[in-house]
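Reckoned from all heavy atoms, side chains included, excluding hydrogens, waters and symmetry mates. What you see is a predicted model; the values in this text were computed from it and never measured. For the single chain, residues carry numbers from 1 onward in sequence order.
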Amino acid sequence: MLAPGATIGILGGGQLGRMTAQAAARLGFTTHIFSSEPECPGAQVTPLVTVAALDDVDALARFAQSVDVATYETENVPVSALEAILPHTPVRPGVEVLRVAQDRLREKDYLRSIDVATAQYREVTGPDALGRAIRDLGHRAVLKTVRMGYDGKGQVMITPDVNPAQAWAAIAGAADSAGIAILESFVDYRCEISVVVVRGTNGTIVNYPAVENQHANHMLDTTIVPARIAPELAMRAEAIARHIAEKLDVVGVLAVEMFVTHDDEILVNELAPRPHNSGHWTMDACYTSQFEQLVRAITGLPLGSTERHSDAVMKNLIGNDIDRWREIVAEPMSKLHLYGKVHARPGRKMGHVTRLLPRHE
Ligand SMILES: Nc1ncnc2c1ncn2[C@@H]1O[C@H](COP(=O)(O)OP(=O)(O)O)[C@@H](O)[C@H]1O
Ligand SMILES: [Mg+2]
């Protein structure tokens with residue numbers, strides 16, 4: 001167990017790294033953020049920053065030597081970066097879950113191998129293969145890059161009037177250097193939900209309730225807490241998320257995104273081995289936030305309660321939404337979080353607001 005005063009290394013300095021550093025500071029830990037961007041949200045709230053590229057092995061080794069444990073705020077960290085760190089300090093969650101979560105094909109293969117249902121999918125390696133996969137899976141599908149996608153980036157909707165060559169060209173620039181993509185059947189879901197699970201070094205596992213996620217342009221817009229689904233379905237979703245965290249031996253936080261179909265099937269969409277946007281509400285509506293849980297899990301402290309004292313609706317502030325901060329900050333039951341980003345580009349997550357409601361059940 002690490003004691004307060006120890007240093008936690010965080011790969012990545014976006015809003016997730018920032019909010020992790022804030023939670024760590026509250027428990028008396030120091031944080032050291034490794035980021036390729038000097039003006040990242042995380043750098044504003046941590047005493048130690050290394051600005052270097054994720055393939056700078058010397059910088060990674062020095063960073064690793066200066067911390068007592070390391071974690072990452074995004075699954076888009078190359079495994080090689082973890083390998084440069086591992087001789088010097090433990091990384092939690094580990095390499096295995098990162099490998100699975102950063103590759104959509106490997107992720108779906110893995111989920112199927114542990115009996116978790118997903119949408120139908122095919123590997124595609126070019127426009128001809130895409131044409132065949134569309135004939136196989138049907139004309140309502142989503143083409144995605146295998147790696148480096150987030151917030152709907154690197155995705156194209158396939159509809160009957162879309163030509164495979166054009167669809168391929170649309171993601172080819174962003175596609176994996178190996179030119180591999182995945183075609184997934186379009187899931188005509190009733191709703192999207194997610195479950196955030198936390199697992200400690202001794203295998204203790206806890207989860208937050210299933211929440212409902214509404215997306216706009218394939219990007220999270222609103223999270224409703226709890227999900228408006230039958231208790232039996234919520235329990236099933238929570239069991240699936242715990243099963244995956246256990247199989248992957250996660251120490252830290254794992255978010256599991258799922259679709260609920262019209263016939264009450266649950267299909268897992270993707271995994272994130274880190275705090276998740278759909279868990280931001282826990283900062284204001286729970287006794288222990290997902291960020292504090294990550295800090296507790298990776299330092300070996302006992303996990304906190306995942307109990308919520310309030311229901312909540314979390315809304316992302318994307319691009320110019322941030323201009324409404326004056327109104328939002330004046331709402332008495334709303335908690336405004338801003339990430340310190342200077343430029344409000346369209347599609348950029350600038351902050352979020354959690355609106356608290358009395359807990360219903
Ligand atoms: N197969 C699919 N069927 C229906 N909607 C999908 C499908 N794949 C993705 N989406 C929509 O796009 C969103 C983002 O896709 P996702 O695979 O989660 O990628 P990202 O890494 O960008 O979050 C999903 O939450 C969902 O709303
Ligand atoms: Mg997603």
Q. Does the pair E184/K108 count as a salt bridge with the N-to-O cut at 4.0 Å?
A. yes
**Q.** More than 12 heavy atoms from other groups under 6.0 Å of CG on N217
**A.** no
Q.
Using modelled atom types and a 3.5 Å cut-off, is there a donor and acceptor pairing between side-chain atoms of T204 and backbone atoms of G200?
A. no
Q. Under 6.0 Å from the CD atom of E39, do we count more than 12 heavy atoms belonging to anything else shown?
A. no
(Q) Taking A24's backbone N and O only, do any of them form a donor-acceptor pair with E292's side chain (distance below 3.5 Å, no angle check)? (A) no
Q) With a 4.5 Å heavy-atom cut-off, do V260 and E265 have their side chains touching? A) no
**Q.** Side-chain ion pair, R228 and E212, N-O less than 4.0 Å
**A.** yes
Q) With distance as the sole test, does N316 use its side chain to make a donor-acceptor pair with the main-chain N or O of L220 at under 3.5 Å? A) yes
(Q) Using the rule side chain to side chain contact (heavy atoms under 4.5 Å, CB included), only one of V353, D284, I328, V329 pairs with K335; which is it? (A) D284
Q) What residues, two or more places apart in sequence or in another chain, satisfy salt bridge (charged side-chain N to carboxylate O under 4.0 Å, His left out) together with R140? A) none
**Q.** Under 3.5 Å donor-acceptor, D321 side chain and I318 backbone
**A.** yes
**Q.** Heavy-atom side-chain contact between E75 and L271 under 4.5 Å
**A.** no
(Q) Using a 3.5 Å distance criterion without hydrogens, assess whether the side chain of Q44 forms a donor-acceptor pair with backbone atoms of G340. (A) yes
Q. If only atom types and distance count, is the side chain of S185 paired as donor or acceptor with the main-chain N or O of A141 below 3.5 Å?
A. no
(Q) With a sphere of 6.0 Å drawn around CZ of R112, does it hold more than 12 non-hydrogen atoms of other residues, nucleotides or ligands? (A) yes
N/O donor-acceptor pairs under 3.5 Å from side chains in residues 77-87, not counting sequence neighbours:
none

Q) Is the closest side-chain heavy-atom distance between L267 and V187 below 4.5 Å? A) yes
Q.
Could you tell me if Q290 and H280 have a donor-acceptor pair between their side chains, going purely by distance under 3.5 Å?
A. yes
**Q.** Any side-chain heavy-atom pair of T282 and T288 under 4.5 Å
**A.** no
Q.
Using a 3.5 Å distance criterion without hydrogens, assess whether the side chain of T7 forms a donor-acceptor pair with backbone atoms of T31.
A. no
Q.
Using a strict threshold of under 4.0 Å (side-chain N to carboxylate O), is an ion pair present between E232 and R236?
A. yes
(Q) Does either side chain, that of H262 or that of Y189, offer a donor lying less than 3.5 Å from an acceptor on the other one? (A) no
Q: For H360, look at atom NE2 and say whether over 12 heavy atoms of other residues, nucleotides or ligands are found less than 6.0 Å away.
A: no
Q. Sub-3.5 Å donor-acceptor pair from the side chain of R92 to the main-chain atoms of G252, do we have one?
A. no
Q: Kindly say whether R147 contributes a backbone atom to a donor-acceptor pair with the side chain of R104 at under 3.5 angstrom?
A: no
Q. Side chains of H32 and T50: do they bring a donor and an acceptor to under 3.5 Å?
A. yes
Q. For atom CE of M157, is the number of surrounding heavy atoms from other residues, nucleotides or ligands below 6.0 Å larger than 12?
A. yes
Q. Between E238 and R242, is there a salt bridge with N-O shorter than 4.0 Å?
A. no
Q. Quick one: does T222's side chain get under 4.5 Å of N213's, heavy atoms only?
A. no
